[in-house]
Every structure is written in C-alpha cells, then in structure tokens.
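What follows is one structure encoded as structure tokens, with my remarks underneath.
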Amino acid sequence: MASLRVCTAKEIGFRFPNHYDCSLSLIPPFVKSVTLAPMVYGLCGGMCYAALDHYHAGLAVPDRTTVPRPGDALYRYLWKRQLDSFQLPTGPLRILGWMFRQDEAVARSTIQGEFPKLQNSIARLQLPVLLMIYATSWEDPTRNHQVVAVGYDLDEATRQATIFLYDPNYPGKEPTLHLDLRSPSGVFTQSTGETPRGFFLQDYRPKINGLQDL
C-alpha cells in the first residue's frame with residue numbers, strides 16, 4: 001500500500017461552507033424597484049485557491065465559521081481568486097472539451113494522464129487543485145466542481161486508489177474520491193455521494209500578498 005499525505009483538509013480548509021446568497025434589485029424605467037428571488041452560488045475555485053495561498057504563505061485561513069458577506073475583504077479576495085481559477089481564456093474551453101467527451105474517454109484521460117500528475121504533485125508536497133467533471137455535453141458547466149487533493153492511498157495489488165480532499169462544500173470534513181484503476185474506463189465514486197466522470201489538474205499559482213489583511 002502506497003500512502004502519501006501532505007496535510008489534512010481541516011488544516012488548510014475554510015471553516016464556512018461554499019454557500020453564498022444574494023438578491024438583485026432591478027429598477028425599470030418609471031416603475032418601482034423589483035427584487036428578484038434570492039440566488040445561491042458557489043465560489044469553490046476561489047476558496048480552493050485562497051486556501052492554498054494561505055498554505056504557501058505559511059498562514060492559517062481566517063478563523064471564522066460564517067460565510068463572508070459582499071463588501072468583506074475576504075469576500076472580495078475569494079471572488080478575485082474565483083476569477084483566477086477560471087484561467088481565461090483557455091480554462092472554459094478545456095472544461096467544455098472534457099464535458100463533450102465520451103465517459104470512457106474522460107475516465108481514460110483521468111487514469112492515464114491526470115492521476116499520475118496528482119501522484120507527482122503530492123510527492124513534491126504540492127497540493128493540486130482538481131477540476132471535477134460532472135456535467136456532460138450541453139449541461140450547465142457550473143455542475144462541475146473544484147477541490148484540493150491533500151493526499152492519497154494506492155493499493156498496487158488491487159489497483160484501488162483513494163484521494164483525500166478539501167472540498168469547500170464540506171467544511172470541517174475530509175471527503176474521499178475512490179478510483180478503480182484496473183481498467184482504462186475506470187470507476188469513480190465519492191464519499192459524499194456524487195459520481196464524477198473524471199478530473200483534471202488545474203494550473204494553480206500562489207498569490208500571497210495581502211493575506212494578513214483578510
């Protein structure tokens with residue numbers, strides 16, 4: 001059994017969930033303002049990038065359990081890093097390219113290409129950001145998700161792998177992703193109940209300036 005771990009999800013992760021609410025008000029001409037239904041959105045990429053920024057700076061994430069509100073310095077930082085995680089202009093094209101592949105092709109690329117990259121990153125004590133592919137073809141790309149891998153176990157005899165994750169949707173917990181590596185088509189399951197089609201590593205680059213002010 002090969003087992004490599006850099007840290008735990010609790011050590012690097014934010015303590016509040018990836019769950020942001022907002023309401024928008026419109027003021028059409030000559031009409032009273034209209035408040036639209038509240039919206040819920042996520043900043044999983046921003047939270048992953050920001051958590052890693054703190055890790056590379058040797059700082060703990062802010063000790064708060066409440067979701068930051070618009071106007072907070074932390075909220076603005078998460079939004080900035082969310083935009084960085086889009087990796088424009090090529091990032092969305094890469095996501096769409098993976099979405100439009102057949103399931104077997106997505107699984108094969110994950111097992112043969114991305115999982116070895118994950119192993120190399122963990123061996124260098126790096127924490128890779130994984131873009132989890134859930135959506136297919138013309139589905140909503142926001143169904144996909146971003147997490148951080150903090151370690152993995154690999155049973156060489158049975159070719160079963162378990163990746164330990166910081167998932168912004170599950171603060172204070174350490175979900176796992178199980179991979180069956182015995183065939184190129186693979187099987188992926190998560191301890192949280194989701195069934196991803198596969199994943200690829202993002203090109204994260206740390207930014208550590210200004211973290212002390214969050």
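At distances below 3.5 Å, at least one donor-acceptor pair connects side-chain atoms of Gln82 with backbone N or O atoms of Gly46. At least one donor-acceptor pair closer than 3.5 Å links the side chain of Asn18 to the backbone N or O of Leu43. Ser191 places a side-chain N or O within donor-acceptor distance of the main-chain N or O of Thr176, the cut-off being under 3.5 Å. For Arg197 (side chain) and Val106 (main-chain N/O), no donor-acceptor pair under 3.5 Å exists by modelled atom type. No donor-acceptor distance shorter than 3.5 angstrom exists from the side chain of Gln126 to the backbone of Ser121, with no hydrogens or angles considered. Checked by atom type and distance alone, the side chain of Gln146 never pairs as donor or acceptor with a backbone atom of Cys44 at under 3.5 Å.
Ring geometry, Tyr75 versus Trp79: the interplanar angle exceeds 60°, so the pair is classed perpendicular (tilted spans 30 to 60°). Using a 30° and 60° split on the angle between ring planes, Phe188 and Phe199 fall in the perpendicular class, above 60°.
Contact annotation: the side chain of Met132 approaches that of Val147 to within less than 4.5 Å [non-hydrogen atoms, C-beta and beyond]. Counting only heavy atoms from C-beta outward, the side chains of Arg94 and Gln202 never approach each other to under 4.5 Å. The shortest side-chain heavy-atom distance between Gln190 and Pro196 falls under the 4.5 Å cut-off. Pro206 places none of its side-chain heavy atoms less than 4.5 Å from the side chain of Leu52.
For Arg81, the salt bridge (Lys or Arg N to Asp or Glu O under 4.0 Å) partners two or more places apart in sequence, or in a different chain, are Asp53, Asp84.
Looking at Asp153 and Ser3, their side chains do bring a donor and an acceptor atom within 3.5 Å of each other. No side-chain donor-acceptor contact under 3.5 Å links Asn169 and His19. For Gln160 and Asp180, the side-chain atoms include at least one donor-acceptor pair closer than 3.5 Å.
Relative to the ring axis of Trp98, Arg101 places its NZ or CZ within 45° and under 6.0 Å from the centre.
A side chain to side chain contact (heavy atoms under 4.5 Å, CB included) with Val148 holds for exactly one of Leu165, Leu127, Val6; it is Leu127.
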Could you check His54 against Tyr49 for ring pair (Phe, Tyr, Trp, His ring centres under 6.0 Å), going step by step and ending with a plain yes or no? CA-CA 9 Å; His54 284 82; Tyr49 275 44; over 10 Å; no
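A salt bridge does not link Arg5 to Glu11: none of the charged nitrogens lies less than 4.0 Å from a carboxylate oxygen.
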